[in-house]
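The structure appears right after this line, and notes come after that.
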2 protein chains.
Amino acid sequence: MPRTVLDRSDAVLALAGVFRRRGFESGSLSVIQRETGIGRGSLYHFFPNGKADMARAVLTLVRAWFDEQVFEPLRTATDAGQAATAMSQEVHKYFDSRERVCLFAAMTLGEEQEAFAAEVHAYFADWVGVLAETLERGGVAKPNAAGLAVDAVAAIQGGLIMTRALDDDAVFSGIVARVNERLLAALR
Amino acid sequence: MPRTVLDRSDAVLALAGVFRRRGFESGSLSVIQRETGIGRGSLYHFFPNGKADMARAVLTLVRAWFDEQVFEPLRTATDAGQAATAMSQEVHKYFDSRERVCLFAAMTLGEEQEAFAAEVHAYFADWVGVLAETLERGGVAKPNAAGLAVDAVAAIQGGLIMTRALDDDAVFSGIVARVNERLLAALR
DNA sequence: GTCTATAAAGCGATAGAC
DNA sequence: GTCTATCGCTTTATAGAC
């Protein structure tokens with residue numbers, strides 16, 4: 001019997017996959033155990049408070065990735081147009097390789113809503129915030145920048161829904177490309 | 001003991017509310033019974049195949065509403081600009097009074113995904129399709145119209161996510177208003 | 001058409017051996 | 001750190017009286 005020993009971060013990574021594929025509620029411990037090969041014992045060793053801890057850990061991982069790869073580059077960018085294009089590319093790559101599911105968006109539905117409202121709010125508010133500031137530094141007027149930023153993030157999130165619904169990866173690619181075009185046009 | 005007798009359509013309406021508030025999976029029979037006052041017996045009388053039947057009935061109701069209030073007006077419109085504005089208004093009113101949740105979008109996540117893939121695909125494909133045709137009749141070039149239509153529906157869906165996440169109704173209103181502006185600008 | 005009781009299965013969580 | 005067995009509860013679904 002192969003007894004694989006792993007650490008918490010391996011578990012978090014595996015959990016993210018399960019939650020993306022099955023949803024948070026349907027991702028039962030039996031399913032998690034089956035699909036990740038991690039037993040109940042290990043799971044409760046890493047996450048003493050059970051599923052709530054698991055969800056929180058996964059959201060923290062996603063949040064950290066966006067902080068590093070998306071938010072921070074936007075914050076420190078000198079060229080707003082280049083920064084916008086980089087964001088589009090990173091976001092496209094990210095969701096393309098992760099079942100086209102945003103776990104923060106998934107948390108705006110159903111039971112979990114209240115439990116993670118603060119984290120979900122912060123994720124989207126920060127994303128819109130740093131993007132709007134980048135656009136302002138690029139010369140876009142403040143109220144305009146705010147609307148443009150909300151629209152861009154909303155388009156990406158809606159794009160994920162549409163690409164899953166229509167079962168067509170090109171839908172998401174097209175939407176992200178046009179989001180980038182609109183951002184560049186506003187900066188011109 | 002008040003024994004209220006109702007028909008299936010009353011039940012469907014009540015179920016739609018529960019599923020929007022709690023999500024499809026968390027909307028357990030106990031919750032449904034408590035929040036709608038409809039007992040197990042009645043529920044299985046109306047929906048012999050249980051929750052799957054309930055979900056299908058609710059999606060059918062939503063679909064019928066959109067056919068009547070959104071798709072058909074677009075199909076028969078003579079003025080594309082007026083039609084686009086009417087769509088924006090109807091959609092805004094609809095989701096504003098229904099917990100800002102699109103049940104078809106919710107079905108692109110988790111377990112139910114495969115079970116309702118066909119209905120979900122049809123809903124979004126038809127919406128995008130009729131909107132694109134309306135734009136073409138209004139003088140927008142074909143490939144342009146297609147992109148514009150996908151972007152509009154995606155923006156609305158993303159707008160619902162953002163307005164729930166940021167817990168701010170104005171976010172959705174703003175996004176719908178700007179969607180309408182972009183459609184009108186393309187028709188100009 | 002509605003009710004209650006109940007069956008059968010699955011859930012999250014815990015305990016204790018290793 | 002991992003495993004298995006098990007507890008207590010809730011779930012969907014059914015049966016049968018009214």
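Just the heavy atoms: all of them, side chains too, but no hydrogens, waters or symmetry mates, feed the values below. Per chain, numbering begins at 1; letters A, B, ... match sequence-line order.
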- Message: When the axes are fitted on five pairs at both termini, how much does the helix from C:dG1-D:dC18 to C:dC18-D:dG1 curve, in 10° steps?
- Response: 0°
- Salt bridge flag under 4.0 Å for residues A:R21 and A:E35: yes
Provide a list of protein-nucleic acid N or O atom pairs under 3.5 angstrom, restricted to nucleotides 11-13 of chain C.
unit_1 : atom_1 : unit_2 : atom_2 : d
C:dC11 : OP1    : A:S28  : OG     : 2.9
C:dC11 : OP2    : A:S30  : OG     : 2.8
C:dG12 : OP1    : A:K51  : NZ     : 3.0
C:dG12 : OP2    : A:L29  : N      : 2.7
C:dG12 : N7     : A:R40  : NH2    : 3.2
C:dA13 : OP2    : A:Y44  : OH     : 2.7
C:dA13 : OP2    : A:K51  : N      : 3.1
C:dA13 : O5'    : A:Y44  : OH     : 3.2
C:dA13 : N6     : A:R40  : NE     : 2.6

- By a strict heavy-atom criterion of less than 4.0 Å, which residues belonging to residues 106-117 of chain B are in contact with DNA chain D? none
- Any side-chain donor-acceptor pair under 3.5 Å between A:E25 and B:S26? yes
- Here the pair of heavy atoms bringing B:I175 nearest to B:A155 is CG2-O, 3.5 Å
- Query: Would you call A:R182 and A:D151 a salt bridge, taking side-chain N to carboxylate O under 4.0 Å as the test?
  - Reply: no
- Shortest non-hydrogen separation from A:F71 to A:D126 and the atoms involved: CE1-CB, 4.2 Å
- Electrostatic pair A:R22:B:E111 at N-O distance under 4.0 angstrom: yes
- Would you call B:E99-B:R164 a salt bridge at under 4.0 Å N-O? no
- Distance in angstrom units between B:F46 CZ and C:dC3 P, rounded: 10 Å
- Atom CD of B:Q33 to atom C1' of C:dC3: distance rounded to whole Å? 9 Å
- Query: Below 4.0 angstrom, N of the basic side chain to O of the carboxylate: do A:R178 and A:E181 qualify?
  - Reply: no
- Query: When you measure from the side chain of A:T76 to the backbone N and O of A:E72, does any donor-acceptor pair fall under 3.5 Å?
  - Reply: yes
- Query: OP1, OP2 of D:dT2 versus side-chain N and O of A:H45: anything below 4.0 Å?
  - Reply: no
- Round to the nearest Å and state the distance from A:L43 atom CG to D:dC3 atom C1'. 13 Å
- To the nearest 0.5 Å, atom CE of B:M107 lies from atom CG of B:L103 at 6.5 Å
- Task: Tell me which of B:G41 and A:G39 sits closer to the 5' end of DNA chain D, going by the nucleotide each one is nearest to.
- Result: A:G39
- Message: Which heavy atom of A:L166 sits nearest to which heavy atom of B:H121, and what is that distance?
- Response: O-CE1, 3.4 Å
